[in-house]
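Input: a single structure, listed below in structure tokens.
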Amino acid sequence: SMTPEEVILMQLAALAADRAPQHDGGRVCRRFASPANRAATGSAEQFVQMLRNPLYEALLEHSDVKITPGSADGTTWLVDVTRRDGRVCTYVWRGSRLADDATDVEPSTGAPLAGCFVTDGVMPAYRGRRAQS
């Protein structure tokens, strides 16, 4: 199964490649959302619409990423995304690993999520500082 860093990087790469009208990046990102996260954010269409909120725009328009552990137990990650204009926005990525015997499946493919790291939530922590050279 994928490490938390691999899941976060995969989600960010998908979001950076997200383009209208399909918004496939948002849909790929949502595949690794926990069942509770999917329930809270609604349908795939609602999730894609949420990403259009200015609080999350840096996730769609970034040129660089730095991920650092935010907790010793591996459930919280600090993710610095550098926007194309050089500003750095920090997000707090919270996640968990589903139990090996979990029966949850990825909604669009039906692939089992047992043992996978999934994203429980992403919140902006700080926006707008300039990247350090």
Side-chain angles (χ1 to χ4, degrees):
S1 89
M2 296 171 70
T3 67
E5 295 95 334
E6 290 171 328
V7 169
I8 294 167
L9 286 171
M10 183 274 313
Q11 288 177 313
L12 287 167
L15 290 173
D18 187 69
R19 298 292 177 265
Q22 293 87 5
H23 298 295
D24 291 334
R27 294 177 199 289
V28 169
C29 184
R30 189 173 185 271
R31 287 182 186 162
F32 286 91
S34 68
N37 187 346
R38 285 195 301 268
T41 56
S43 69
E45 290 74 25
Q46 290 168 312
F47 182 80
V48 167
Q49 186 60 37
M50 177 190 70
L51 292 172
R52 302 290 167 260
N53 182 308
L55 292 174
Y56 296 102
E57 67 187 0
L59 298 176
L60 300 170
E61 301 174 359
H62 67 275
S63 61
D64 194 29
V65 175
K66 178 183 172 192
I67 301 173
T68 54
S71 66
D73 65 1
T75 61
T76 303
W77 299 83
L78 300 177
V79 179
D80 291 332
V81 294
T82 303
R83 294 169 47 119
R84 292 184 190 118
D85 65 6
R87 290 187 301 165
V88 177
C89 299
T90 301
Y91 292 85
V92 177
W93 225 272
R94 296 189 192 281
S96 57
R97 189 166 299 282
L98 295 178
D100 288 335
D101 61 352
T103 58
D104 299 295
V105 296
E106 194 280 311
S108 64
T109 66
L113 291 175
C116 288
F117 176 83
V118 290
T119 300
D120 295 324
V122 175
M123 293 296 299
Y126 188 81
R127 295 171 30 124
R129 67 185 189 277
R130 288 275 173 204
Q132 301 295 316
S133 301

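Sequence positions, counted from 1, serve as the residue numbers for this chain.
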Nearest heavy-atom pair of Arg97 and Pro4: which atoms, and what distance?
NH2-CD, 3.6 Å
Give me the atom names and distance for the closest heavy-atom approach of Ala33 to Val118.
C-CB, 4.1 Å
Which residues, ordered by chain and number, are linked to Val92 in its hydrophobic cluster, where ILVMFWY side chains connect at heavy-atom gaps below 4.5 Å, directly or through other members?
Leu78
If I take atom OG1 from residue Thr68 and atom CG from residue Asp80, how far apart are they, to the nearest 0.5 angstrom?
6.5 Å
Just verifying a value: how many Å separate Arg30 CZ and Leu15 CG, rounded to the nearest 0.5 Å?
13.0 Å
Could you pull out the closest heavy-atom pair between Pro35 and Leu98, with the gap in Å?
CD-CD2, 4.3 Å
d(Asp120 CG, Arg38 CZ) to nearest 0.5 Å is 11.0 Å
Taking all non-hydrogen atoms of both residues into account, name the closest pair between Cys29 and Ala14 and its distance.
N-CB, 4.5 Å
Calculate, to the nearest 0.5 Å, the distance between atoms CG and CZ belonging to Leu60 and Arg83 respectively.
10.0 Å
Backbone N or O of Glu61 within a donor-acceptor pair of the Arg84 side chain at under 3.5 Å?
no
Are the side chain of Tyr91 and the backbone N or O of Val81 linked by a donor-acceptor pair below 3.5 Å?
no
Distance-minimising heavy-atom pair for Leu59 and His62:
O-ND1, 3.0 Å
Is a donor on one side and an acceptor on the other found under 3.5 Å between the side chain of Asn37 and the backbone of Thr119?
yes
Please check if Val28 and Val48 belong to a single hydrophobic cluster, counting links between Ile, Leu, Val, Met, Phe, Trp and Tyr side chain heavy atoms closer than 4.5 Å.
no
Scanning both residues in full, the closest heavy-atom pair of Gly95 with Phe117 reads CA-CZ, 3.6 Å
Is there a donor-acceptor contact under 3.5 Å from the side chain of Ser71 to the main chain of Thr76?
yes
How long is the straight-line distance from CH2 of Trp93 back to CD1 of Ile67, given to the nearest 0.5 Å?
8.0 Å
Would a hydrophobic clustering, with Ile, Leu, Val, Met, Phe, Trp and Tyr connected at side-chain separations under 4.5 Å, put Val7 with Leu12?
yes
Any side-chain to backbone donor/acceptor pair from Ser63 onto Thr82? Under 3.5 Å, distance only.
yes
Going by the rule salt bridge (charged side-chain N to carboxylate O under 4.0 Å, His left out), which residues pair with Glu45 if we only count those two or more places apart in sequence or in a different chain?
Arg27
Is it true that Met123 and Ile8 fall in one hydrophobic cluster, defined by side-chain heavy atoms closer than 4.5 Å?
yes
